[in-house]
Amino acid sequence: MIDFAIRGNNVLTPTGIRPAVVLVKDGRIADVLSEVPAGFDADVIDLQDSVLMPGVIDPHVHINEPGRTDWEGFDTATKAAIAGGITTLVDMPLNASPVTTTANALDRKLAATSGQLHTNCGFWGGLVPGNTGEIERLIEKGVLGFKAFLTHSGIDEFPNVTEADLHKAMPIIARHGLPLLVHCELSTDETLATGDVRSYANYLASRPNAWEDTAIALMIRLCEQYNCRTHIVHLSSASAIEPIAEAKRKGLPLTVETGQHYLFFNAETIPDGQTQFKCAPPIRENENNDRLWAALRAGIIDFVATDHSPAPPELKQRQSGNFMTAWGGIASLQLALPVLWTAARQRGCTVDDVARWLSEKPARLAGVSTRKGTIETGYDADMVVWNPEKSFTVSEDRLYHKHKMTPYLNEELYGVVEQTYLGGVPVFSQGATTKLNAGKLILRDGND
Ligand SMILES: [Zn+2]
C-alpha cells in the first residue's frame with residue numbers, strides 16, 4: 001500500500017528532468033513511474049510545472065551549539081534549512097563550545113539537538129594538534145569524517161594542524177575510508193594587512209591566492225602519500241584549479257567544494273565597510289570567479305556548499321566596518337538553492353546542473369549517497385519542490401537564521417522553494433513550516 005504519490009512535469013530523475021510520478025511509502029521512494037498506475041487509490045499531489053528535486057544536502061554548516069548558541073543554534077538553523085529545501089546538513093566541529101574534537105564533546109553536541117532538529121543532521125569531527133587518540137573514538141560514535149584548518153580558525157580552542165599532525169592523522173582516517181576536510185590557507189607573509197581597515201581591497205590583499213595555493217599543494221601531496229580521501233572546502237583561488245585538475249587526472253581521492261558567495265559576488269562590487277561580505281578565504285575578483293565557474297562546470301570543482309557561519313552583529317563589526325577584526329563568515333543557509341540558481345541560470349546552466357552540485361555530489365562526500373541525493377526507488381523521500389521561474393527579494397522577515405545580517409539582503413533571487421519533504425513528510429509548505437522535529441541524526445554505522 002502506497003502512502004501517496006507526487007506527479008509533476010519536471011521531476012529530476014537520474015536520467016534527467018522529465019514528467020514522472022513518484023510513489024512514497026514509509027518515508028522512502030517506492031517507485032518512479034511515467035504515469036499514475038491504473039486503479040491507484042492513494043492521494044496524488046499534482047505539482048504541474050514546479051520542479052521536484054532531491055533535497056539539498058549542505059555538508060558545510062556551522063551551527064555553534066552548544067556554547068555559542070547566540071551565534072546560531074539547531075532550532076533556527078534547521079528551520080532555515082527546511083525553508084530552503086535543505087533536507088540534510090552536516091555540522092562543522094568548531095564554533096560550538098566545546099569544539100567537537102573529542103567523543104565526549106560529540107555526546108554533548110548530540111544531546112544539544114534534542115527537541116530542535118528540523119532537518120537531518122550529520123557531524124564532522126575536528127582534527128586538532130594532539131587529538132589523534134580521539135579519531136577512532138569519534139568514528140565509533142558516528143562522525144562522517146574530519147575537518148582541519150591549516151591556518152588560525154578564528155576559534156582559539158580549535159588550533160590549526162601542522163604537516164606533522166597530518167602525518168599522524170591521515171593514515172588513521174584513510175584506514176576507515178572517511179574524508180578529511182581541510183580549510184586550505186597557509187600564510188606566507190604576515191605583513192600584508194596594512195592601510196584602511198574598512199577597505200575591502202585591503203582585506204582581499206591580506207589573504208592572497210598564494211595562501212590557498214600553497215596549502216592545496218601540501219594537501220595534494222599528503223592525499224597522494226596516504227591515499228586518504230581529501231576534501232578542499234570553500235575553494236576561492238582560481239590559480240589552484242590546474243593543480244587540482246592534475247591531481248584528479250592522476251586518480252587521487254581528492255574532492256573540492258566552492259561556496260555560493262564566490263560564484264555570486266565579485267570583489268569589485270563589494271563596498272568598503274560592509275563586513276557582511278567578510279569570509280575566509282575572501283571573495284575574489286570577477287576574472288578569478290569566472291574561472292571558478294568554468295571549473296565547476298567542468299567537474300573539477302565537485303559541488304557547492306554554503307559555509308553558513310553567522311555571528312552576532314557586534315562580532316561582525318557592523319558599526320565600525322572593520323574588515324580586519326570582523327568575524328569571517330557569511331550567513332546564507334536558507335538561500336543556498338536560490339542564490340546558486342540565480343547565478344547559474346545567467347550562465348546558461350540547468351536545473352540538472354544545480355541538482356548535481358547541491359544534492360548528488362555532496363551526498364557522496366557525506367557518505368549518504370546510497371540513501372540520499374537522488375530520486376530513485378529505495379531512496380529516502382527527502383525532496384524539494386521549487387519554482388525556477390519565480391523570483392523574490394531577500395528580506396529579513398523571511399529568514400529563519402538567528403541573525404539576519406547577510407550580504408544577500410535585498411537581492412532579487414530566482415527559485416522559490418514551495419515545499420520540502422523530509423522522509424515523505426511535508427515539513428515546509430508555501431512559506432511556513434508545517435512539521436517540526438522531523439529531522440534525524442545521521443550517524444555513520446561503520447558498515448559502508
Ligand atoms: Zn566553514
Side-chain angles (χ1 to χ4, degrees), residues 57-63 88-96 99-103 105-107 109-110 113 120-129 131-150 153 158 160-161 165-184 215-216 219-220 222-235 252-259 301-309 359-373 440-448:
I57 296 175
D58 190 339
H60 195 147
V61 181
H62 296 266
I63 292 190
T88 295
L89 59 82
V90 190
D91 175 58
M92 280 292 171
L94 67 161
N95 304 8
V99 291
T100 322
T101 52
T102 65
L106 180 64
D107 283 339
K109 178 71 105 167
L110 297 177
T113 65
N120 299 319
C121 185
F123 304 88
W124 302 119
L127 181 67
V128 293
N131 84 328
T132 37
E134 291 286 334
I135 292 174
E136 292 191 312
R137 298 183 63 200
L138 282 161
I139 292 172
E140 280 163 25
K141 292 231 171 240
V143 297
L144 305 177
F146 290 84
K147 165 79 179 287
F149 275 71
L150 293 176
S153 72
F158 200 99
N160 59 276
V161 293
D165 298 314
L166 292 169
H167 283 297
K168 287 185 212 145
M170 287 177 85
I172 304 171
I173 297 170
R175 198 158 63 233
H176 292 272
L178 294 184
L180 173 63
L181 287 66
V182 189
H183 178 120
C184 284
I216 288 168
M219 289 319 303
I220 289 174
L222 295 174
C223 172
E224 181 165 26
Q225 182 173 350
Y226 293 109
N227 196 30
C228 176
R229 287 175 65 194
T230 302
H231 179 74
I232 296 163
V233 294
H234 51 51
L235 177 74
L252 300 191
L254 181 73
T255 52
V256 182
E257 82 192 27
T258 188
I301 296 174
D302 295 86
F303 63 82
V304 185
T306 62
D307 191 14
H308 176 70
S309 186
S359 304
E360 185 193 331
K361 294 281 202 86
R364 289 189 209 166
L365 178 76
V368 296
S369 62
T370 56
R371 296 183 278 146
K372 298 182 186 294
K440 292 192 175 126
L441 295 173
I442 298 182
L443 299 173
R444 187 175 170 274
D445 60 13
N447 301 316
D448 60 351

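Because the structure is a prediction, the values reported are computed rather than measured. All residue numbers in this chain count up from 1 along the given sequence.
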Non-hydrogen side-chain atoms of Pro93 and Thr101 separated by less than 4.5 Å:
no
Close side-chain approach of Leu443 to Lys141, heavy-atom, < 4.5 Å:
no
Find out whether Ile63 and Leu89 are in side-chain contact, i.e. whether some heavy atom of one side chain is under 4.5 Å from a heavy atom of the other.
yes
Return the set of residues passing side chain to side chain donor-acceptor pair (under 3.5 Å) with Lys147 (not counting sequence neighbours), or none when no residue passes.
none
Rounded to the nearest 0.5 Å, how far apart are SG of Cys223 and CG of Leu254?
5.0 Å
Nearest 0.5 Å please: distance from the NE2 atom of His60 over to the CG atom of Asp91.
10.0 Å
Atom pair OG1 (Thr258) and CD1 (Ile301), whose distance is rounded to the nearest 0.5 Å:
5.0 Å
What's the verdict on side chain to side chain contact (heavy atoms under 4.5 Å, CB included) for Met219 and Met170, showing C-alpha distance, side-chain angles and the deciding distance?
CA-CA 11 Å; Met219 289 319 303; Met170 287 177 85; 3.9 Å; yes
Any side-chain heavy-atom pair of Leu222 and Thr230 under 4.5 Å:
no
Matching residue for Leu150 among Val182, Ile216, Asn160 - test: side chain to side chain contact (heavy atoms under 4.5 Å, CB included):
Val182
How would you list, by chain and number, every residue that makes a salt bridge (Lys or Arg N to Asp or Glu O under 4.0 Å) with Asp307, sequence neighbours excluded?
none
Compare every heavy atom of Cys228 with every heavy atom of Ile173, then report the nearest pair and how far apart it is.
CG2-SG, 4.0 Å
Roughly how far, to the nearest 0.5 Å, is the CG atom of Leu180 from the CH2 atom of Trp124?
10.0 Å
If every non-hydrogen atom of Ala105 is compared with every non-hydrogen atom of Val99, which pair is closest and at what distance?
CB-O, 3.2 Å
Heavy-atom donor-acceptor pair, Asn120 side chain to Lys440 backbone, under 3.5 Å
yes
What distance do Arg444 atom CZ and Ile442 atom CD1 have between them, rounded to the nearest 0.5 Å?
13.5 Å
So do the side chains of Asn95 and Ser309 get within less than 4.5 Å of each other, counting heavy atoms only?
yes
Please report the interatomic distance OG1(Thr100) to NZ(Lys109), rounded to the nearest 0.5 Å.
4.5 Å
Do Ile220 and Leu252 touch side chain to side chain, with heavy atoms closer than 4.5 Å?
yes
Closest non-hydrogen atoms of Ala366 and Val90, given as atom of the first, atom of the second and distance, are CB-CG2, 4.1 Å
Quick check: closest heavy atoms across Ala169 and Ile135, and the distance to 0.1 Å?
CB-CD1, 3.7 Å
Hey, does the side chain of Glu257 reach the backbone of Asp302 with a donor-acceptor pair shorter than 3.5 angstrom?
no
Could you check Phe146, Phe158, Phe149 and say which one makes a side chain to side chain contact (heavy atoms under 4.5 Å, CB included) with Val128?
Phe158
Show, in sequence, the C-alpha distance, side-chain angles and deciding distance for Arg137 and Glu140, and conclude whether the salt bridge (Lys or Arg N to Asp or Glu O under 4.0 Å) test is met.
CA-CA 5 Å; Arg137 298 183 63 200; Glu140 280 163 25; over 6 Å; no
Give the ring-plane orientation class for Phe303 versus His231, where under 30° counts as parallel, over 60° as perpendicular and anything between as tilted.
parallel
Can you give me the closest heavy-atom contact between Arg229 and Arg364, atom names plus distance?
NH2-O, 3.4 Å
Which word best sums up how the rings of Tyr226 and His167 line up, parallel for under 30°, tilted for 30 to 60°, or perpendicular for over 60°?
perpendicular
Minimal non-hydrogen separation, Ala148 against Val161, with atom names
CB-CG2, 3.9 Å
